[in-house]
Amino acid sequence: MSYPLLEFKKEIIDEVKRVVEVSEELIEIEVPSEERGDFALPCYSLSPTLEKDPESIAEFIAGKIELNRGEFDQAGPYLNFKTDEHHLSRETIRGCLEKKEDFGELSPKEKKIMIEHTSANPNGPLHVGRARNPIIGDTLARIYEKIGYDVERQYYVNDIGRQMAILTWGRQNLDEEDLTPLQRDKEDYDLVRYYQKASQMLEEDEGLETEIRSLIRAMEEGDDEVFHSLKKNSETVLSGITRSLERLNIHFDSYQHESSFIVDGSVQEVIEMLSKLKETDKEEGALFFNLDDDKIFVTREDGTNLYPARDIAYHIWKAERADELIDILGEDHKNHGEFIKNALLSLDIDPIPEIVFYSFVSFEGEEMSTRKGTYVTLDEFMDTAEEKAREEILKRRDDLSEEVVGEIAEKVGISAVRYNVIRVQPRKPIDFRWDEALNFQGDSAPFIQYSYARTHGILEKAEEGLELDGLNLEGLEDGEVRLLRKIAELPLVLLKTAENNAPHLMARYAYELAAEFNQFYRDYPVLDSDEKRKERLAIVKSFSYSMESVLDTLGMKKTKKM
RNA sequence: GGGCGUGUGGCCUAGUCUGGAUAUGGCGACAGCCUCCUAAGCUGUAGCUCAGGGGUUCAAAUCCCCUCACGCCCGCCA
């Protein structure tokens, strides 16, 4: 099994290469507007190498090229290629019926990729802003899996360090009655109150700083009691965080604890390796790495290690276990990310990570901070999304049981949260507003889910099985071919999304696919279409499978009723 | 002050890396479409010259320089 558009693109590249004898990098195939064709070759970039004007090159290629899978025409300096519609339709339907909800998947690559995402400090519940991280990471993980990678999703648990020391101090010294009332019956909501109160006290009383410091030192020096106390608190909050994420359809394959790199001595080794580099120097006994004009400190003057050192140890550990690495980091870590890459390069470590940075999310124009307690938690946001979904369902349906309404609301709520976060390019800032985030019309999760639900209105009433062999695909109408063509794009989109680590492309595709189906649905009756019924059912079924694949890739939920 | 990033119709957004053929789509607005597989849908109209200025090029939203606005970073915190 292979995919018609992938094959066609490959054929074009091979043929152009054969005809003009240039290296493959010079052949830039782009996707033109729909009416021009499936692919286009602008000949401008070949002009310098071939020492001819673009139009003559186009003419030259047009005269020599031979394609089995489609045709082409010359338009000035462009060549436009259009695949054979019948072949495209047949192969796309065949692909969908064979692969079903895995449509779009590519053969295994024998490559391991480790995707680190979230890695939020376990000091309180996840807020919507932070949730951008797991949603980007998990979506990329799903995409890499689909194109054949062996994927490991990893949470790096910052179970030591200052923030955990503050939480632990709070747990040791504060009583329940000192705290704000419990917002939600969940362990992360419980413990964050200790963290917030302790942070607040620390701001008012600098004397507490020494107590925090001594907790950190005790931990690093291997004080068992302190160590276990920190770990216990971090594990408790972590379990609250992961429960929230599971609700968002996100899970991890492994957890790696920051403390482990201190315990096993690897941080010390890293510090020794770093100290031998020409990029490092010491200032009053503290080791730092020169990053352009910045000094990135990796140890304190008392010799205790700092987060950058531990993160290098972690990345070396990761590099030994995977062929490719991806880190999802907030924009506040840009500098740190540069340091990690530069330091790993200097240490001759391979692979170094690809880092996806995302900008922060504000809410109704306000910044969110765990320390200050100014945030909307992921749980709250999802509750509201579900509630809103419920209202919308009840506006339209009065024939569903409360249980069914609840199920659909949950599916729509989860999907809306994920979709609204992933549809925007990571590096762009997002300002969440309830009315926009929970707008269920147009470019939204329910729009996409609804297109899928519509297929079931049809498929459940049609009981016959589907056989590719009995179909007459010669006389398909424009809108039918257009839908199949859009379905056929899926593998191309998956590849491009992974290549650029740009998951928003996948979201955009999901919307376009759904929109194309909605037009088909309007124009072509299926069940009453007599002589075209079988063919149209096959198209609906193909769309249904491809949409299942797309929804799964975005971590969204499918629903047969809405 | 320095570094990084962002700035596309009233609002949100694609395209920017890899310069090219009429700048993508949504929300909102206005005008239409349910005796017919779920109207959370579909169709049409109006609206942007791509923050501003300069430059490179046959060609710039896309590359370079300057300016403005906003965000993030500039800790022996993480």
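Please read all numbers here as calculations on a predicted model, not as lab measurements. Here is how names work: the chains are called A, B, and so on, in the same order as the sequence lines, proteins then strands, and each is numbered from 1. Heavy-atom basis, side chains included; hydrogens, waters and symmetry copies ignored.
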Sugar-phosphate only, base, or nothing, as touched by A:Glu284 at under 4.0 Å among non-hydrogen atoms: base
Nucleotide nearest A:Lys428 (side chain, heavy atoms from C-beta), chosen from B:rC77, B:rA78, B:rU6: B:rU6
Nucleotide nearest A:Arg36 (side chain, heavy atoms from C-beta), chosen from B:rU22, B:rC17, B:rA14: B:rU22
Under-4.0 Å side-chain N/O to phosphate OP1/OP2 contact, A:Lys282 with B:rC76: no
Residues which pass ring-ring contact (aromatic ring centres under 6.0 Å, His included) with A:Phe360, listed by chain and number, not counting sequence neighbours: none
Results of salt bridge (charged side-chain N to carboxylate O under 4.0 Å, His left out) for A:Glu272 - residues two or more places apart only: none
Touch class at under 4.0 angstrom, heavy-atom based, for A:Pro42 against every strand present: nothing
Base versus backbone protein contacts along nucleotides 28-39 of chain B [heavy-atom cut-off under 4.0 Å; B, S, -]: ---------BBS
Aromatic plane relationship, A:Tyr44 with A:Tyr78 - under 30° parallel, 30 to 60° tilted, over 60° perpendicular: perpendicular
Phosphate contact (B:rG15 OP1 or OP2) by A:His504 side-chain N/O below 4.0 Å: yes
Geometric class of the A:Phe363/A:Phe381 ring pair [parallel <30°, tilted 30-60°, perpendicular >60°]: perpendicular
Any residue meeting ring-ring contact (aromatic ring centres under 6.0 Å, His included) with A:Tyr156, in chain and number order, not counting sequence neighbours: A:Tyr314
Between P of B:rG25 and CZ of A:Arg423, the distance in whole Å: 15 Å
Sugar-phosphate only, base, or nothing, as touched by A:Glu35 at under 4.0 Å among non-hydrogen atoms: base
Check: B:rA21 base within 3.5 Å donor-acceptor of A:Asn80 side chain: yes
Per-nucleotide protein contact string for nucleotides 68-74 of chain B (B base, S sugar-phosphate only, - none; heavy atom under 4.0 Å): ---BSS-
Counter-base of B:rA29, judged by Watson-Crick or G-U geometry with both distances under 3.5 Å: B:rU45
Residue A:Lys496 excluded, over 12 heavy atoms near NZ under 6.0 Å: no
Interatomic distance where OH belongs to A:Tyr78 and C1' belongs to B:rC58 [whole Å]: 13 Å
Closest to the A:Asp443 side chain, choosing from B:rC76, B:rA14, B:rG26: B:rG26
Audit row: A:Arg396, A:Glu392, salt bridge (charged side-chain N to carboxylate O under 4.0 Å, His left out) steps and yes/no: CA-CA 7 Å; A:Arg396 297 163 234 263; A:Glu392 296 292 326; 2.3 Å; yes
Base of B:rU24 paired with side chain of A:Arg508 (donor-acceptor, under 3.5 Å): yes
Close residues, residues 302-313 of chain A, relative to RNA chain B [heavy-atom separation under 4.0 Å]: A:Leu306, A:Tyr307, A:Arg310
Face-on cation placement of A:Lys341 at A:Phe339 ring, 6.0 Å and 45° thresholds: no
Find every protein N or O atom lying less than 3.5 Å from an N or O atom of nucleotides 44-51 of chain B, and list the pairs.
none

Length of the CG-P vector between A:Leu483 and B:rC42, whole Å: 13 Å
Aromatic ring of A:Phe297 stacked on base six-ring of B:rG75, 5.5 Å, 30°: no
Lys/Arg-Asp/Glu bridge criterion (N-O < 4.0 Å) met for A:Lys395, A:Glu391: no
Salt bridge (charged side-chain N to carboxylate O under 4.0 Å, His left out) against A:Arg130, all qualifying residues, sequence neighbours excluded: none
Spacing of A:Phe357 atom CZ relative to B:rC17 atom C1', expressed in whole Å: 16 Å
Over-ring placement of A:Arg454 relative to A:Tyr521, 6.0 Å and 45° cut-offs: yes
Any residue of residues 509-519 of chain A with a heavy atom less than 4.0 Å from an atom of RNA chain B: A:Tyr511, A:Asn518, A:Gln519
Rounded distance in Å - CD (A:Glu34) to C1' (B:rA21): 16 Å
Inter- and intrachain pairs under salt bridge (charged side-chain N to carboxylate O under 4.0 Å, His left out), touching residues 404-425 of chain A, at least two apart: A:Asp138-A:Arg418, A:Arg423-A:Asp443
Side-chain donor/acceptor contact of A:Arg427 with base of B:rU16 under 3.5 Å: no
Nearest-nucleotide comparison on RNA chain B, the residue closer to the 5′ end among A:Ser45 and A:Glu283: A:Ser45
Touch class at under 4.0 angstrom, heavy-atom based, for A:Glu436 against every strand present: sugar-phosphate
Touch class at under 4.0 angstrom, heavy-atom based, for A:Ile393 against every strand present: base
Separation of atom CE in A:Met506 from atom P in B:rG25, rounded to whole Å: 20 Å
Glycosidic class, syn or anti, of B:rC34 using a 90° window around 0: syn
A:Lys532 NZ: over 12 foreign heavy atoms closer than 6.0 Å: yes
Sugar-phosphate only, base, or nothing, as touched by A:Arg213 at under 4.0 Å among non-hydrogen atoms: sugar-phosphate
Touch class at under 4.0 angstrom, heavy-atom based, for A:Pro54 against every strand present: nothing
Residue pair A:Gln256 / A:Ser260, side-chain donor-acceptor N/O under 3.5 Å: yes
Aro-ring/base stack A:Phe447-B:rG41, d under 5.5 Å, angle under 30°: no
Would you give me the side-chain donor-acceptor pairs under 3.5 Å for residues 503-510 of chain A, sequence neighbours excluded?
unit_1: A:Tyr509; atom_1: OH; unit_2: A:Lys486; atom_2: O; d: 2.6
unit_1: A:Tyr509; atom_1: OH; unit_2: A:Ile487; atom_2: O; d: 3.3
unit_1: A:Tyr509; atom_1: OH; unit_2: A:Leu490; atom_2: N; d: 3.4

All pairs passing salt bridge (charged side-chain N to carboxylate O under 4.0 Å, His left out) where residues 327-338 of chain A contributes a residue, at least two apart: A:Lys318-A:Asp327
Rounded distance (nearest 0.5 Å) linking atom OG of A:Ser119 with atom CD of A:Gln154: 8.0 Å
Rounded interatomic separation in angstrom, taking CZ from A:Arg217 and C1' from B:rC76: 12 Å
Whole-Å distance separating the CD atom of A:Glu354 from the C1' atom of B:rC17: 12 Å
Watson-Crick/G-U partner (both atom distances under 3.5 Å) of B:rU6: B:rA69
Whichever of A:Val424 and A:His336 has its nearest RNA chain B nucleotide further upstream toward 5': A:Val424
Side chains of A:Met547 and A:Lys558 in contact at under 4.5 Å (non-hydrogen atoms): no
Donor-acceptor side-chain pairing of A:Asn335 and A:Asp294 below 3.5 angstrom: yes
Contact under 4.0 Å: A:Gln425 side-chain N or O vs B:rU13 OP1/OP2: no
